[in-house]
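Both ligands and their constituent atoms are indexed starting at 1 by order of listing. These figures come from a predicted structure and were not determined experimentally.
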Amino acid sequence: MDRLVIEGGRKLKGTVDISGAKNACLPILAATILSDCKCIIKNVPSVLKDITTMLKLLKVLGMRASIDGQVVVVEPAKERKFVAPYRLVSTMRASVCVLGPLIGRLRQAEISLPGGCIIGPRPIDLHLKGIRALGVDVNIKKGYVIARAKKLRGANIYLGGHFGSSVLATANTLMAAVLAEGRSVIENAACEPEIQDLANFLIKMGSKVKGHGTPRIEVEGVKRLHGAEHTIIPDRIEAGTYMIASAITDGDIILKGARTEHLTAVIDNLNEAGVSVTNVKGGIRVRRKKALTPVDTTTFPYPGFPTDMQAQMMSLMTVTKGISVITEKIYPERFIHISELNRMGAQIHLEGPSAIVRGVKQLSGAEIMASDLRASAALVLAGLAAGGRTNISRIYHLDRGYERIEWKMTKLGARILREKEI
Ligand code: EPU
């Protein structure tokens with residue numbers, strides 16, 4: 001296993017290229033199952049472990065996938081299969097997004113149940129509700145979701161859960177509905193840019209979809225879909241993470257390729273904290289305009305503040321003079337980073353779904369352990385700001401979601417090395 005060694009205290013400066021969005025790319029790759037023709041997907045963050053896992057899964061399902069740099073070509077190779085095995089789903093929860101396409105195209109799917117994960121329980125009841133409404137018979141047997149349908153018929157589907165809309169349940173229901181007979185309406189659909197990107201790809205394949213990007217998506221089912229070429233949107237969470245890297249190190253970073261319209265809530269919070277974010281030639285420039293001031297953050301579904309930026313925002317608040325409150329409304333248990341940040345001298349305590357952060361002058365480097373993907377990113381940010389050396393062990397989660405992070409950070413002036421853990 002690898003670890004990262006960071007010598008903190010350096011201001012990050014320069015330009016960083018933002019990769020294609022992992023969370024847009026995963027359902028889009030899954031959607032290629034819906035077609036019998038070749039699909040070409042560009043701007044794929046192909047170095048990421050999650051993308052490699054999805055390509056492996058597509059192969060298991062009878063698709064041929066080849067990668068050339070950031071371009072992935074997918075087409076059906078041989079006999080189609082419909083079983084997503086435990087060995088792949090257990091390494092990547094997002095494998096569940098092949099459920100909708102398999103049901104849509106093959107009328108059957110067997111998907112290993114993903115189970116919970118370190119950020120808390122992650123049920124799939126809304127995914128199942130969505131496809132059941134389209135006429136799919138669903139059973140759970142031996143840890144697998146067994147789904148079969150003689151035919152799919154369009155339906156009105158309400159997809160709200162206890163924590164609001166669901167991104168991948170919306171993706172699965174939408175991907176099944178595009179090949180159903182008749183009209184479907186998905187209410188309380190997720191509005192995330194990743195869902196908009198998926199819908200745009202489905203439209204290029206010949207689907208009839210309207211209203212994506214709003215809580216009401218309308219679909220007119222078609223008989224078959226053709227191949228398509230599509231470019232993945234930039235990763236708003238990677239961009240947000242580099243924004244905080246600039247703010248936390250008092251640096252000056254230009255994000256190349258990022259889109260401010262996908263980051264409104266993050267930019268609003270950063271502005272309130274005293275960070276300037278401006279559009280400049282070639283990207284978005286981020287730097288402090290004054291001393292940081294505390295800002296309260298509450299996560300919500302898009303366009304609210306993303307849960308995937310909560311941990312990084314907390315790192316910034318640990319070195320911001322004053323008290324801030326960070327409330328998690330999507331995954332109330334997603335606070336695994338707190339104890340590690342406290343090991344670096346942060347002063348954070350948890351009260352229910354809210355973390356109370358009392359800013360300190362400086363964090364100090366320490367031996368810490370990464371957990372989930374975004375918590376790992378938050379620890380890297382803390383290490384960049386800390387005095388002295390930080391060793392972050394178990395960084396494999398980072399490789400699931402951040403392309404060549406140490407290379408990109410080094411280019412910005414960070415002292416960061418990957419080492420084999422002894
Ligand atoms: N939920 C249910 N029932 C369901 C599905 C979800 O109650 O059937 C709940 C979840 O437990 C959670 C809330 O609804 O409380 C929202 O979860 P959602 O379904 O939207 O999450 P997801 O689609 O499984 C995607 C991203 C996550 C990101 C969330 C929220 C992908 C591959 N994953 O997950 O990304 O945190 O949306 O925005 O798109 C990450 O990249 O690090 C990551 C965890």
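Note on Asp36 versus Arg105: salt bridge recorded, some NZ/NE/NH1/NH2 to OD/OE distance being below 4.0 Å.
For the pair Met92 and ligand 1, no heavy-atom separation below 4.0 Å is found. Within the 4.0 Å heavy-atom cutoff, Arg374 counts among the residues contacting ligand 1. Under the 4.0 angstrom criterion for non-hydrogen atoms, Gly161 is not in contact with ligand 1. Using a 4.0 Å heavy-atom cutoff, Pro306 is absent from the residues neighbouring ligand 1.
Nearest to atom 17 (O) of ligand 1 among the protein's heavy atoms is Tyr331 OH, 3.4 Å. For atom 16 (C) of ligand 1, the closest non-hydrogen atom of the protein is Ile330 CG2, 3.6 Å. The shortest contact between atom 23 (O) of ligand 1 and any protein heavy atom is with Leu168 N, 2.8 Å. Among all non-hydrogen protein atoms, the one lying nearest atom 32 (C) of ligand 1 is Asn23 OD1, 3.3 Å. Looking only at protein heavy atoms, the nearest one to atom 11 (O) of ligand 1 is Pro123 CD, 3.5 Å. For atom 14 (O) of ligand 1, the closest non-hydrogen atom on the protein side is Phe163 CB, 4.1 Å. Summary of contacts: the protein heavy atom closest to atom 34 (O) of ligand 1 is Arg122 NH2, 3.3 Å.
Residue Val167 holds the heavy atom nearest to atom 37 (O) of ligand 1 of all those in Val167, Leu198, Leu373.
Judged by distance alone, the side chain of Ser354 and the main-chain N or O of Val325 form no donor-acceptor pair under 3.5 Å. Looking only at distances, a side-chain donor or acceptor of Arg107 sits under 3.5 Å from a matching main-chain atom of Gly104. Looking only at distances, a side-chain donor or acceptor of Lys408 sits under 3.5 Å from a matching main-chain atom of Asp17.
Checked by distance only, ligand 1 and Ala169 stay at 3.5 Å or farther apart across all their nitrogen or oxygen atoms. Taking only nitrogen or oxygen atoms, main chain and side chain alike, Glu192 does not reach within less than 3.5 Å of ligand 1.
Using a 4.5 Å cut-off on side-chain heavy atoms (C-beta onward), Tyr242 and Ile254 make no contact. By the 4.5 Å heavy-atom criterion applied to side chains, Arg418 and Ile395 are counted as neighbours. At least one side-chain heavy atom of Asp137 sits less than 4.5 Å from a side-chain heavy atom of Asn139. At least one side-chain heavy atom of Ile416 sits under 4.5 Å from a side-chain heavy atom of Val380. Side-chain atoms of Pro101 and Asn172, non-hydrogen and from C-beta on, do get closer than 4.5 Å to each other.
With a 4.0 Å cut-off on non-hydrogen atoms, Thr307 touches ligand 1 through its side chain and not its backbone. At a heavy-atom cutoff of 4.0 Å, ligand 1 is contacted by the side chain of Ala94 but not by its backbone. At a 4.0 Å heavy-atom cut-off, ligand 1 does not touch Tyr302 at all. When heavy-atom distances to ligand 1 are checked against a 4.0 Å cut-off, His127 comes that close through both its backbone and its side chain. By the criterion of a heavy-atom distance under 4.0 Å, neither the backbone nor the side chain of His397 is placed next to ligand 1. At a 4.0 Å heavy-atom cut-off, ligand 1 touches Lys22 through the side chain alone. Under 4.0 angstrom from ligand 1, the non-hydrogen atoms of Asp308 all belong to its side chain.
Around atom CZ of Arg415, no more than 12 heavy atoms belonging to other residues, nucleotides or ligands sit under 6.0 Å away. Within a 6.0 Å sphere centred on NZ of Lys204, heavy atoms belonging to other residues, nucleotides or ligands number more than 12.
Remark: ligand 1 atoms within the under-4.0 Å shell around heavy atoms of Arg93 are 24 (O). Using a 4.0 Å cut-off to heavy atoms of Arg334, the atoms of ligand 1 that qualify are 36 (O), 42 (O), 44 (C). Atoms of ligand 1 found under 4.0 Å from any heavy atom of Leu126 (numbered from 1 in listed order, with element): 3 (N), 4 (C), 8 (O).
Side chains of His212 and Asn200: a donor on one and an acceptor on the other come within 3.5 Å. No side-chain N or O of Gln310 forms a donor-acceptor pair with one of Thr299 less than 3.5 Å apart.
For the salt bridge (charged side-chain N to carboxylate O under 4.0 Å, His left out) test with Glu110, the passing option among Lys141, Lys142, Arg148 is Arg148; the others fail.
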